[in-house]
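See below for the structure under consideration.
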Amino acid sequence: MERLLVIGGQEKGKLAEAEAVCTKIIQDFPGQLDALTLKAELMKQQGRENDAIAILEQAYVFAPGDIDLVYQLALGYAESKNPKVVALA
């Protein structure tokens, strides 16, 4: 249900509200990968790339073998010209 609220908020341009829902989910369930990656996506949409990378790094601690997550994190590093991208390769 909360995921639907976040997606609905994202579609209606209520990014801050959708991000707040993600934050609440993460507070209750720190390793909730969907909430972490969605929050990162919302931050990126708001032009907060460094914050998005920090959230993806937090998610990586919980799921270092998740291929999609590693791709998103590597892409974020590459786009921001962060040398950490080499460590993921």
Side-chain angles (χ1 to χ4, degrees):
M1 180 65 172
E2 289 173 332
R3 182 165 173 76
L4 292 175
L5 292 172
V6 171
I7 293 169
Q10 183 181 12
E11 290 174 356
K12 293 179 184 176
K14 298 180 181 181
L15 299 179
E17 291 176 31
E19 185 181 331
V21 173
C22 287
T23 299
K24 173 67 173 130
I25 294 168
I26 295 165
Q27 286 172 347
D28 293 342
F29 307 98
Q32 216 301 324
L33 193 58
D34 289 335
L36 288 163
T37 56
L38 187 53
K39 182 175 180 176
E41 180 182 327
L42 294 166
M43 290 175 156
K44 191 171 181 181
Q45 288 178 13
Q46 296 174 66
R48 297 167 45 209
E49 286 82 8
N50 290 335
D51 292 336
I53 288 173
I55 293 295
L56 291 174
E57 289 173 338
Q58 183 180 346
Y60 183 77
V61 170
F62 294 105
D66 186 292
I67 300 299
D68 292 330
L69 173 60
V70 172
Y71 174 79
Q72 289 178 40
L73 187 53
L75 182 61
Y77 285 154
E79 289 176 343
S80 67
K81 298 181 181 19
N82 188 317
K84 290 182 181 178
V85 73
V86 175
L88 290 177

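Quick caveat, the model's predicted, so the values are computed rather than measured.
Of all non-hydrogen atoms in Ala40 and Ala52, the two that sit nearest each other are O-CB, 3.3 Å.
A single hydrophobic cluster is not seen to contain both Val70 and Ile55; linkage of ILVMFWY side chains at heavy-atom distances under 4.5 Å, directly or through other members, places them apart. In the hydrophobic cluster analysis, where Ile, Leu, Val, Met, Phe, Trp and Tyr join through side-chain heavy atoms closer than 4.5 angstrom, Leu56 is grouped together with Tyr60. Under the 4.5 Å side-chain heavy-atom criterion for Ile, Leu, Val, Met, Phe, Trp and Tyr, Leu69 and Tyr77 are members of the same hydrophobic cluster.
Going from atom CD1 of Ile53 over to atom OG of Ser80 covers 3.5 Å, rounded to the nearest 0.5 Å. Rounding to the nearest 0.5 Å gives a distance of 11.5 Å between OG1 of Thr37 and CD of Gln58. Once rounded to the nearest 0.5 Å, the distance linking CD of Glu57 with CG of Asn82 reads 7.0 Å. Expressed to the nearest 0.5 Å, how far SG of Cys22 lies from CD of Gln27 amounts to 11.5 Å. With values rounded to the nearest 0.5 angstrom, Leu75 atom CG is found 4.0 Å from Glu79 atom CD. Rounded to the nearest 0.5 angstrom, Gln72 CD and Leu36 CG are separated by 11.0 Å.
A 6.0 Å sphere centred on CZ of Phe62 holds more than 12 heavy atoms belonging to other residues, nucleotides or ligands.
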Ile26/Gln32 under side chain to side chain contact (heavy atoms under 4.5 Å, CB included): CA gap, chis, key distance, verdict: CA-CA 6 Å; Ile26 295 165; Gln32 216 301 324; 5.5 Å; no
From CA spacing to verdict: side chain to side chain contact (heavy atoms under 4.5 Å, CB included), Asp28, Lys24: CA-CA 6 Å; Asp28 293 342; Lys24 173 67 173 130; 3.0 Å; yes
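At a cut-off of 3.5 Å, with distance as the only test, a side-chain donor of Glu19 or Gln46 sits close to an acceptor on the other residue.
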